[in-house]
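The block underneath contains the structure these notes are about, expressed in structure tokens.
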Amino acid sequence: MTFTKLRSRDIPAMQAQVQEYEETASGARHIHLATDNPERVFLVAFPTVPGASDGRAHILEHLALCGSARYPVRDPFFAMLRRSTAHFMNAMTYPDKTVYPFASTDRTDFFNLLDVYLDAVFFPRLDYLDFLQEGWRLELDGNRLAYQGIVFNEMKGAFADPLRALDSGIAAILLAGTTYAVESGGDPIEIPSLTHAALKDFHAQHYHPSQAVFMTAGCLDPREVQDVIEQRVLATLSGRMPRKMPQLAPQWTVPQAATIPVPTSEHGVQMSWLLGESADPHAYYHAELLEAGLLGNASAPLMRAMESAGFGRPSSLNGTDAGGRQIVFHLGMEGLTRGQVDDARRRIRSALEQAAREGVPQPLLQAALRDMRFGQREIGGGDMPDALDRLLHALPLAMHGGDIMDGFDADAILEDLQDRIADPRFFKELVQQLLDTPTRLDVMVVPDPAYLQKRQQIEDERLAALQAALEDAERQRLRAESAALLARQRQPVNNDALPRIRPADVSPLPQPSLPLQASDDGVIAVSIPSNGISYAHVLYEVSGMDAATWPWLRLYADLLPDLGLGDKSYEEADAWRHDRVPHFDVDLHVLQTQEAEPSLRIHVDFHARGLREENKAIAEVLSASIRAPRFDEHERLAFLIDSMVQDMRNNLADEGDDYARLAVTAPLSALRNFENRVEGLAAITFYRELHAKAQTEEGIKEIAQRLAELHRRIIGCPASIIAAGVDDDAQALAAALDVPRGGERAPGTAQLAPDGRWGNAALHAPAQVNHCYAAWQVPGLAHPDAPVLAVLGEILTNLVLHQALREEGGAYGGHASYSASAGIFAMMSYRDPRLAATYADFGRALEWLKTAELTREQVEEAIICVIQHLDRPRTPYEEVMQSWERQQQGISEDMRRRFRQGVLRCSARDIKAVAARWLDGNPQSRAAFVGSTEQDLAGLEVVDLVKLAN
């Protein structure tokens with residue numbers, strides 16, 4: 001063994017132990033988070049510090065997964081996605097590092113992936129044709145020259161985000177001379193300057209064991225992982241290079257000012273300070289405390305100053321950015337006119353000066369520390385495994401020269417802060433230090449509605465110049481390269497070198513749902529191993545409300561947490577809630593039943609969570625928020641509605657894929673039609689009309705009355721209570737709730753006919769890419785064809801659409817999928833340079849299936865893909881909510897068993913028969929988000945999103 005254990009530390013708040021190792025010869029580091037969790041997590045990270053915006057770190061991330069020395073297949077990463085039961089596989093490029101993580105609950109699968117990942121990152125082939133496919137290339141479309149490439153098109157889509165443009169513009173000035181000043185993902189204007197040779201050299205300089213940080217978590221023996229690293233990597237790669245570190249930006253002697261254009265219609269003001277190093281835990285937590293004290297809730301001084309200005313709204317960029325080597329702190333306002341910019345800047349400055357003189361209430365700082373402790377203890381859910389999230393949080397300390405233990409264990413630092421905030425001078429001094437920091441950039445944000453068109457014009461002019469100078473020999477070379485790439489993309493792939501999990505290796509039975517038994521009064525109280533966190537939901541079933549009310553339900557849920565309460569103003573109410581619990585929110589739970597004639601079960605969900613010591617406070621917050629919300633603060637209502645609408649208008653292009661997804665499925669599914677009405681195209685119309693009404697005193701009064709009446713109707717509906725926590729906490733928490741319970745549940749549930757208005761739409765807002773969708777109505781989970789439809793989606797993705805849309809077409813993503821919950825089968829592409837050709841590929845995929853000879857291995861790989869989704873681990877709290885949702889949908893354990901076994905025994909014959917029955921020749925709905933209407937729209941009818949929103 002060449003890895004030496006340096007130290008370890010128990011972390012009681014996480015019920016874990018952190019172990020730190022170093023390999024003697026190379027200096028490679030291994031951090032292991034030892035837990036009893038069966039979820040095994042691995043990542044390897046490298047410092048990647050590009051000095052240009054040509055995307056070399058990002059393109060290298062893609063190429064590293066395109067074949068390696070021991071696995072010389074064309075696409076081992078995507079192949080392993082269907083040969084593994086891993087529930088998380090990815091690779092991510094950050095401004096100063098590249099990370100390759102995966103997670104699996106199966107031991108054999110974990111070590112299979114470990115072998116593939118290590119070979120991929122340390123011994124990639126970095127083939128020139130892969131560079132052309134994944135990065136960028138020049139291509140002749142007929143006689144017309146064009147840029148193509150997956151990363152190139154991915155980043156064209158990314159640049160539609162106004163916030164990204166602002167953040168990048170600030171970094172280019174505030175962090176000039178460092179890697180953070182360039183676009184790590186790649187600026188499409190600069191990407192074509194990257195050469196294949198430069199990319200290979202970047203790999204040689206950055207991807208070496210001496211630069212690597214290995215991290216693992218779960219019930220693993222770290223020595224076993226180290227054995228594999230030694231055999232597969234260190235036995236071949238020797239030597240030790242100085243560890244690469246991102247540069248430090250120079251400190252300024254005086255603040256600077258700049259003007260930054262962004263793709264929006266509004267002005268803004270942004271102040272950005274460069275603070276200490278993020279690897280310094282005191283600098284990091286001081287910045288976090290500063291953010292909480294200034295912006296933590298509506299009563300915090302900076303938030304209050306910005307929200308009560310009578311114009312504009314707080315910037316979406318506000319707060320601490322500690323992702324790089326140095327901490328950046330942002331304060332600003334958006335939604336301004338040019339004449340309001342100076343007033344907004346003065347208002348922010350004045351509020352800071354006042355905070356430096358007077359400080360902030362002690363409870364605000366106490367709540368901030370409570371939230372930090374809560375974050376250490378809560379088992380996080382969602383798509384990313386909790387252990388991986390914790391590793392990624394600690395990783396910057398390992399990369400930037402900090403103490404890795406501080407990334408996992410903040411107790412000592414929080415205790416120190418607890419003592420410090422007892423002195424009112426402490427926070428005042430933090431604010432004064434911010435005011436006195438000379439490295440500050442004052443930005444005027446100016447709207448540039450033609451931002452994306454200008455970028456496209458630069459690209460078009462460059463291509464025109466290249467085409468004018470194109471000689472016959474160069475033309476022949478480009479055609480030869482395109483032909484070679486296409487031939488390689490269409491070459492049959494032999495993945496026999498790659499390990500795989502087979503259907504026989506997985507359980508034929510699903511993991512049983514958590515049994516939930518409601519008491520006579522509708523209370524579900526569950527004891528779970530939650531690490532001392534308590535959860536509570538009060539759910540009012542509003543399924544009987546008519547469709548015209550549904551957008552108002554969404555508005556109600558979005559507004560209520562930001563409104564007043566009883567005799568408290570909205571500022572006082574926000575402070576009161578935040579003082580008591582780390583999380584309170586209102587949401588809508590909408591589920592489609594698995595019946596022959598599906599219906600909707602709709603609940604308004606009031607929920608809160610906190611430390612078990614705060615159970616009484618959780619109950620108080622929920623009870624008061626349900627019993628006595630205020631809708632009479634008309635200025636507050638107008639401000640919140642204006643903020644919602646302006647955010648919607650600014651993000652039409654960035655969220656175009658969601659609008660297209662809902663538009664295409666609304667004609668086919670009651671669930672998707674509901675979603676389209678409350679957050680899709682139909683919602684755009686609702687919010688435009690709502691915004692117009694909110695401009696007058698009479699109109700805002702009418703809105704307030706409508707919301708108050710809706711609240712009375714909601715709390716008059718039947719209510720269920722779900723509580724979860726350790727030991728007997730859940731029962732006690734449920735008993736402490738004092739909320740209206742309404743009457744008996746009505747026997748009927750909401751039924752909504754599909755809405756055919758959007759079934760052939762080209763949704764347009766200025767952008768440089770498209771998102772294409774086609775969808776069919778199919779049966780839900782209870783139908784015998786449901787498991788085959790799930791496998792069919794994976795077959796079409798694995799064998800046709802990935803190659804046609806991503807590899808050949810240049811889209812960032814493309815796949816087919818089956819949604820049992822909505823009764824939808826769909827094909828889609830994401831950040832796609834094509835449109836008509838993509839729809840042609842959708843059609844060709846179905847034609848291909850009719851005559852394709854599907855092998856058993858191909859079918860088994862598709863089966864494993866479905867099993868991955870079914871078996872994704874969930875936190876104890878997620879299991880509670882998932883079991884409740886299954887009850888609402890009418891999904892029995894027998895139904896789940898039949899679906900899983902139907903997946904496992906699926907055959908090629910079944911797949912062809914089900915495709916013929918439900919897709920071939922059946923009506924389909926189509927909708928796309930289109931960045932330009934000058935292209936072939938494949939018969940879609942244009943809907944101008946900008947006009948619709950304004």
Side-chain angles (χ1 to χ4, degrees), residues 367 370-371 373-374 377-379 381 513-542 557 560-561 565-568 573 576-589 601 603-629 711-746 874-888:
R370 184 272 324 277
D371 289 352
R373 294 190 179 96
F374 174 84
R377 280 169 58 175
E378 187 182 29
I379 304 170
S513 296
L514 193 68
L516 300 180
Q517 185 65 45
S519 62
D520 292 341
D521 58 354
V523 173
I524 298 172
V526 190
S527 177
I528 59 173
S530 65
N531 202 21
I533 304 298
S534 295
Y535 303 85
H537 292 255
V538 181
L539 300 119
Y540 289 92
E541 185 172 358
V542 296
L560 191 139
L565 184 63
D567 60 354
K568 299 178 180 68
W576 179 79
R577 289 191 185 105
H578 188 215
D579 180 42
R580 279 155 180 75
V581 297
H583 182 88
F584 164 79
D585 207 355
V586 185
D587 207 348
L588 297 183
H589 260 295
R601 300 292 296 274
H603 290 82
V604 177
D605 178 9
F606 298 81
H607 54 99
R609 60 181 184 264
L611 302 171
R612 68 180 303 194
E613 300 91 314
E614 300 167 329
N615 277 1
K616 181 180 178 182
I618 294 172
E620 288 176 350
V621 166
L622 279 173
S623 301
S625 298
I626 292 170
R627 285 193 170 276
H711 175 72
R712 287 190 287 273
R713 292 178 62 194
I714 289 170
I715 62 174
C717 289
S720 301
I721 290 173
I722 302 175
V726 298
D727 301 331
D728 297 327
D729 285 357
Q731 194 67 50
L733 177 56
L737 288 166
D738 180 19
V739 296
R741 300 294 299 274
E744 295 295 323
R745 186 175 71 83
R874 288 169 173 81
T875 69
Y877 165 67
E878 286 179 322
E879 288 185 8
V880 172
M881 296 310 298
Q882 184 184 63
S883 294
W884 177 80
E885 288 178 357
R886 286 173 181 157
Q887 287 184 355
Q888 298 299 308

Flag, side chain of [X] to backbone of [Y], donor-acceptor distance under 3.5 Å:
X: E378; Y: R609; value: no
X: S530; Y: S534; value: no
X: Y877; Y: I379; value: no

Which atom pair, heavy atoms only, marks the closest approach of [X] to [Y]?
X: T875; Y: G381; answer: CG2-CA, 3.8 Å
X: P529; Y: P876; answer: O-CG, 3.6 Å
X: S623; Y: V739; answer: CA-CG1, 3.8 Å
X: P629; Y: S625; answer: CD-O, 3.4 Å

Answer whether the closest heavy-atom distance between the side chains of [X] and [Y] falls below 4.5 Å.
X: R577; Y: L565; value: yes
X: I722; Y: Y535; value: no
X: L560; Y: F606; value: yes
X: E614; Y: R370; value: yes
X: R713; Y: V542; value: no
X: D587; Y: D585; value: no
X: H589; Y: W884; value: yes
X: L588; Y: V604; value: yes

For this session: May I ask you to say whether E541 pairs ionically with R601, meaning some side-chain N is under 4.0 Å from a carboxylate O?
Result: yes
Exercise. Mind checking what makes ring-ring contact (aromatic ring centres under 6.0 Å, His included) contact with H607, not counting sequence neighbours?
Worked result: H537, H583
Drop me the distance from [X]'s [atom1] to [Y]'s [atom2], to the nearest 0.5 angstrom.
X: D521; Y: S720; atom1: CG; atom2: OG; value: 10.0 Å
X: Q888; Y: S883; atom1: CD; atom2: OG; value: 12.0 Å
X: F374; Y: I533; atom1: CZ; atom2: CD1; value: 4.5 Å

Show the atom names and distances, to 0.1 Å, of all donor-acceptor pairs under 3.5 Å that link a side chain in residues 724-738 to residues at least two apart or in another chain.
unit_1 : atom_1 : unit_2 : atom_2 : d
D729   : OD1    : R612   : NH2    : 3.2
D729   : OD2    : R612   : NE     : 2.9
D729   : OD2    : R612   : NH2    : 3.3
D738   : OD1    : R627   : NH2    : 3.1

Problem set entry | Atom CD of E613 with >12 non-hydrogen neighbours under 6.0 angstrom | yes
Exercise. With respect to Q882, which candidate in E885, R886, E878 satisfies the side chain to side chain donor-acceptor pair (under 3.5 Å) definition?
Worked result: R886
